[in-house]
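Treat the numbers as computed from the prediction; the structure is a model and nothing was measured. Numbers restart at 1 for each chain; the letters A, B, ... are given by sequence-line order, proteins then strands.
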Amino acid sequence: MRISYNWLKDYIPLQYSTEEIKNILTFSGIEVEAVEEMPALQDTIVTAKILSADKVEGSDHLHVCQVDTGDQVHQVVCGAANCRAGITCVLALPGTRLGDITIKAAKLRGVASNGMLCSERELGISENHEGIIELGSDIALGHNVNDLFGLPDTMFEFEITPNRSDLLGLLGIARDLSASTGIPVNTPTPHFTESDLPVSSLLSVDIADENLCSRYTARVIRNVTVTESPLWLKTKLTKIGLKSINNVVDITNLVMFESGHPLHAFDFDLLESTGEIKEIKIRNANDGEIITALDGKNYKLDINDLVIADGVKPIAIAGVIGGMNSHITESTKNIVLESAVFDPGSVRRTAYKYKLTTDSSYRFERHISAPSTDYSTGRAVQIILELAGGSLCKGICDSYPIPLAESILGLRPTRYESIIGYKLSDETILKYLSGLGLEFVQYGDWKAGNITDLASVYCYHAEQINLGNAVFEEKIGCQHTMYFRIPHYRVDLEREIDIIEELARLDGYDKVPQKTTISLIMDRHAYEVKRRAKSYFSGCGFFEVINFSFDDPENIALLGLDETFQEANMISLINPQSSNQSVMRTTLIPQLLKTMQYNINHGESNVRIYEANKVYLRGNDGAHSENMRFSALVMGKNTEEHWLEKNSNTGFYHIKGIVDGLLNTLNLKISDVQNNTTPYLIDSFSVKYLSGASEVLRFGKLKPEVASKFGIDLIDLKQDIWVIDIDLNSVIELGRNFERKFIPIPKFPTVERDISFVISNEVPYSILREHIMKIDHQLICSVNVFDEYKGKQIPEGFRSLSLHIVLNDSGKTLTIERVDKVIDTIINMLLEKWQIKMR
Amino acid sequence: MHQQLLDLIDKAQIDIAQCSSPNDILNAKALYLGKKSYLNTLFSQLRELSAEERPAFGQKINDARTKIEELLNFKEKALKTQNWDKQNAGVKTDFSMPGIMPERGGLHPLTIIMHEIEDTFLSMGFEIAEGFDIEDEFHNFDALNTPKDHPSRNLADTFYLDNGKLLRTQTSPVQIRVMENFKPPIRIISPGRCYRNDKPDPSHSPVFSQVEALVVDKGVSLADLRDTLQNFAILMFGPNVKSRIRPHFFPFTEPSAEIDISCVNCGGTGCRVCKNSGWLEMGGAGMVDPNVFNIVGIDPEIYSGFAFGLGIERITMLKYNIPDMRILFENDLRMLRQFR
Ligand SMILES: [Zn+2]
């Protein structure tokens, strides 16, 4: 629902800024979907009167006008159809900025024009661009137009939840704001005088089924003057996106947006009758009955549609849209003003069936209360009499078969506390609820549901409070309850819990205490890395083993690590159970080798094991550190033995693949891979990965002489043992801030090219690859080696490499020429840098 | 001539229908569309026709050619499909030969159980806190309200280190450290290794693992402890498991209790596993002693809390029916393979 802030202020004197009001509304449950500022217009836009309008020679639509701004006459050329002498309009003088354009003095068809006569759209008031604005003749000339159009203003687009039909009028919104801000509402009081002619002598109303129409009221006003609406009324409606029709129709719309209750006016004289007086019947349509609605379309109705009919024919689809056959025109003299309540379900079904959602159906679908007809009729009558004149017939045709019973509900403040989580005082409750129009009745004992007999909730405790005696804290056998009379327009308040919701909303959900806050004690990232690393290695065929934290210093020494370094770092037990469990381990590898040996002795030849656990290092002054390591050993075949496929021995690149796969899984980037020396690894097969200067992991092939010290004779077994040793702590820290981000799937096809060349063994593949990628990072998606060849035809110290290069342009399809150019650049770079030979 | 073309198509249709191999198709192609084919000769005769006749007849020859091409293509595809079907249908597969499994190892059974326990508590809104294996006396004993002369401080029970520290005998020091560093509400479990100077035997190990739970907040009661225990028991051991607590003594809880669950082997009727009692002892529990709160600077008048500890080895042995704790630390691949 679109509303104007200025219009809303008619009912509640709000002083808040747009941002403030938006906040207040949002936190009281009215969602603001959009805000549109309508700034004040410049002072160079003024009221002006067209003194003369003459055709411009050679043009069929341009007029040259002499326009009076009170103190001066300007010549303006105007192309609007309604441009004519005598009307008062809005003139934008040269220098005015309207949107993106600046009005300048110019010549049109050789005729000088010093300004522009404006349409509503040009002023940004509405979308209407049918002609220039025509103001009333009584308007002073040469004045700024802001007051006339209620500018500046702010337009709000509200999302009203379906339960809150009371918010579908500005008064309802004002009431809600009043309850949350404490600013009182100015509800206009309808006042008018009736003539002596009783309405019953002219019109009768009959509801066929009170389930489909719970109330129908009609008033008759005679001798009205239907004309154009005054500017203030037009402006109000155009700002919220309604089209001005005429004063009577505009007033029904005005009152609908004020009260939330849709109204409709019929031309009294167009109603047909079978009897003495005119009749209005609210009945189901006959199958096949046709009505031409106000949208100009014909609707073929059926028995499920509710219509308003005169004695002969349908004159409106009830609650949805009026009929052409009875609508108000400038020739209408006498009118019937309808204010009624129709069944929400019936209106919804009909509106859905004919795809006809109107301001009226939108409101009726959301359940309007029957008593609200009184206010809406009264207001409409008052304004019609003021603006269209005429005389109001005495009395009202009011068919109201089953009047709405009053509703009294109880609220236990203790219940509020147990549902919402904090206490509200009785005074605060009273303040909020009376703001919403709930009337406090009395205290009592608790009883659920609508209270029809107030005596039934009597209790001594409540009696004392009702009498104004001291609050009795001691209540035995009864529950402290406040009873409220629910206003008819709050059809959504049916139970105690509904009232509790209102209170919580008005006091602000931000007041609801949060009991617990998560303490963020846990290092979730570290937890995740540990789990992923373990499950990754399990997926690679490794078994997790668990060894004691103790080790034998002799065992550790067997690895040949720098002894002083090791000894100094070891923490010894004062009371070990045995000498081979006398220190806290500083590495997981000796025990893994023990486990390896144990399993080899039990006949295993393919062993893949790892342990993820702490190692313990002595620090200074009694301090120590406990670091997570992840160490693994591999011996034997790369895959399990199988009858169908031959399996190969695990080699360097298998191990590197396992390690790289882990880094990949954990999204880690390694800055450098280096050959290194580890005392227990063979130098030519020993690698460490670095991130910056710090080591993340190392792996390599175990020296047979070290294995034999652990009782494993690799020469005899004809096996290699590969060792992986990962510093899990630095792996955890390296990946801590990584956030995975989706990269859009390429829209255009990728192009793939292979190149093969001979290059010196001295050039590492990673460097090669890096240089190729660097040539065009945008275009080259990936570079992969798919073949390496050494031997026949390749000179000593060289190798042949075959690379697979994938290219893609995210912006367009790659042409062959472009691909060729990139590949040429790559080859030239390789030639220049490393003197490769293409194959 | 027109009739001749129609006859040609008819003849081609019959011949192509009889093709039964790719070779037949090639022959038919040569016969009807090849250089020496009848159609080709007709083409060469075109120039003998008058300029008016030529386009119309040329079109007819082309139509005939297209038609024959379609017939050939259709037959070729049909033969290929037939052949494919035959290949698949003809295969004899010994379904009993072993499939090729992808490489897969496995987690240690203690890890599997630890993960299950962690997941269970995470789902109940707990966080995981970890601490040090190497602790000082303050966090392992003093802060836990353990008297100076308490026997658990003996060398026969606790491992001491040459740096003046000791190996924690329970994961409770983590609770102390968390309470020192974080304000309530606290809702954590602390899984980890513990050490006691016990000789390895079927139910003891000098190195073992525990998980402890600690909840500190306003209004936490023994009832919350029972709730958490019962929920944990159900999530770990199934819907029919019951839990109970029995009065006991621990220095750091007051009141203290031992936790039992109904025997997962016999369901509570009594068996060898539960020594005919129907119940299995799972660990210790209790309400955090106000002295402990005072030591870590939490006001026991405002906050209360419960804690309990469970032995991972015991739960693992119960769940997998492992008779001897030492099996868990042998790392025999024949054992480990059972858990992949
Ligand atoms: Zn049992």
Side-chain angles (χ1 to χ4, degrees), chain A residues 515-524 526-527 531 534-535 537-550 570-577 581 583-584 591-592 594-595 598-599 602 604 607-614 616 618-619 622-624 626 638-640 642-645, chain B residues 97-98 100-108 110-111 115 118 122 125-130 132-134 136 155-156 158-167 178 181-188 193 195 197-200 205-207 209 217-218 328-334 336-337 339-340:
Chain A
K515 274 192 188 153
T516 56
T517 341
I518 187 132
S519 317
L520 298 176
I521 297 166
M522 180 175 178
D523 184 346
R524 281 170 200 273
Y527 166 83
R531 283 226 177 170
K534 283 186 182 185
S535 68
F537 266 76
S538 297
C540 294
F542 286 74
F543 287 95
E544 185 193 17
V545 306
I546 294 185
N547 283 307
F548 284 0
S549 313
F550 311 133
M570 280 180 219
I571 301 166
S572 302
L573 277 77
I574 287 174
N575 52 340
Q577 287 189 345
Q581 295 185 348
V583 296
M584 300 304 288
Q591 280 170 312
L592 275 171
K594 284 273 178 201
T595 305
Y598 171 96
N599 281 293
H602 285 89
E604 303 285 346
V607 181
R608 291 186 164 206
I609 49 175
Y610 72 88
E611 181 167 8
N613 239 320
K614 286 176 177 172
Y616 310 83
R618 185 190 298 281
H624 79 284
E626 300 181 10
N638 185 39
T639 53
E640 275 185 58
H642 199 271
W643 58 273
L644 189 59
E645 286 166 356
Chain B
M97 289 289 272
I100 307 174
M101 274 186 264
E103 274 308 281
R104 64 213 169 97
L107 296 172
H108 194 282
L110 284 173
T111 303
H115 284 183
E118 286 173 357
L122 285 172
F126 281 73
E127 294 188 85
I128 296 174
E130 286 178 84
F132 301 111
D133 293 14
I134 299 177
D136 49 38
L155 283 169
T158 301
F159 288 112
Y160 287 88
L161 301 171
D162 65 354
N163 62 355
K165 292 188 176 167
L166 52 79
L167 291 170
V178 167
N181 292 304
F182 295 90
K183 286 191 174 67
I186 291 167
R187 204 173 160 79
I188 55 153
R193 280 202 152 175
Y195 306 81
N197 203 346
D198 294 325
K199 288 286 174 211
S205 169
V207 180
S209 26
D217 202 349
K218 290 173 187 160
L328 291 169
F329 298 103
E330 270 172 5
N331 298 310
D332 192 313
L333 282 169
R334 291 165 298 181
L336 294 172
R337 271 196 206 99
F339 294 93
R340 67 176 165 190

Chain A heavy atoms under 4.5 Å from [X]: which part of the residue, side chain, backbone, both or neither?
X	answer
B:Y160	both
B:Y195	side chain
B:I188	side chain
B:K218	neither
B:E330	both
B:R337	both
B:P98	both

Measuring from atom [atom1] of [X] to atom [atom2] of [Y], what distance do you get when rounded to the nearest 0.5 angstrom?
X	Y	atom1	atom2	answer
B:L110	A:E544	CG	CD	8.5 Å
A:E645	B:I100	CD	CD1	4.0 Å
B:R334	A:H602	CZ	NE2	5.0 Å

Residues B:R193, A:N613; criterion side-chain contact (heavy atoms from CB on, under 4.5 Å); working and verdict: CA-CA 10 Å; B:R193 280 202 152 175; A:N613 239 320; 3.6 Å; yes
Side chain, backbone, both or neither: which part of [X] has a non-hydrogen atom closer than 4.5 Å to chain B?
X	answer
A:K614	side chain
A:E604	side chain
A:Y598	side chain
A:A623	backbone
A:Y616	side chain
A:L644	side chain
A:T595	side chain

Under a 4.0 Å threshold between the charged nitrogen and the carboxylate oxygen, would B:E118 count as salt-bridged to A:R531?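 Counted as a salt bridge, because a side-chain N and a carboxylate O are separated by less than 4.0 Å.
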Is the shortest side-chain N to carboxylate O distance from B:R340 to A:E640 below 4.0 Å?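 Looking at A:E640 together with B:R340, the answer is yes, because their closest N to O distance falls below 4.0 Å.
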Relative to chain B, which of [options] shows the most heavy atom pairs under 4.5 Å?
options	value
A:C540, A:P576, A:S549	A:S549
A:I546, A:I609, A:L573, A:I574	A:I546
A:S535, A:A526, A:G541	A:G541
A:K594, A:K534, A:H624, A:M584	A:H624
A:Q581, A:H642, A:E611	A:H642

Has the side chain of [X] got a donor or acceptor atom that lies under 3.5 Å from a matching backbone atom of [Y]?
X	Y	value
A:N599	B:L333	yes
A:E626	B:D133	yes
B:E130	A:M522	no
B:N331	A:V545	no

For chain A, find which of [options] contributes the most heavy-atom pairs closer than 4.5 angstrom.
options	answer
B:I186, B:N197, B:T158, B:D136	B:N197
B:R104, B:H115, B:K183	B:H115
B:I134, B:L336, B:L166	B:I134
B:M97, B:K199, B:H108	B:H108
B:V178, B:D332, B:L155	B:D332

Applying side-chain hydrogen bond (donor to acceptor under 3.5 Å, both in side chains), can you list everything that pairs with A:R618, at least two apart in sequence or on another chain?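 side-chain hydrogen bond (donor to acceptor under 3.5 Å, both in side chains) check on A:R618 returns B:D162.
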Partners meeting side-chain hydrogen bond (donor to acceptor under 3.5 Å, both in side chains) with B:E103 (sequence neighbours left out):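 Once residues adjacent in sequence are excluded, B:E103 has no partner under the side-chain hydrogen bond (donor to acceptor under 3.5 Å, both in side chains) criterion.
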Side chains of B:N181 and A:I521: closer than 4.5 Å at any heavy-atom pair?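 They are not in side-chain contact.
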Do the side chains of B:E127 and A:R524 get nearer than 4.5 Å, heavy atoms only?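 With C-beta onward as the side chain, the pair touches.
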For [X] versus [Y], what's the shortest heavy-atom pair and its separation?
X	Y	answer
B:P206	A:F550	CB-CE1, 4.4 Å
A:Y610	B:G106	OH-O, 4.4 Å
B:D198	A:Q577	O-NE2, 2.7 Å

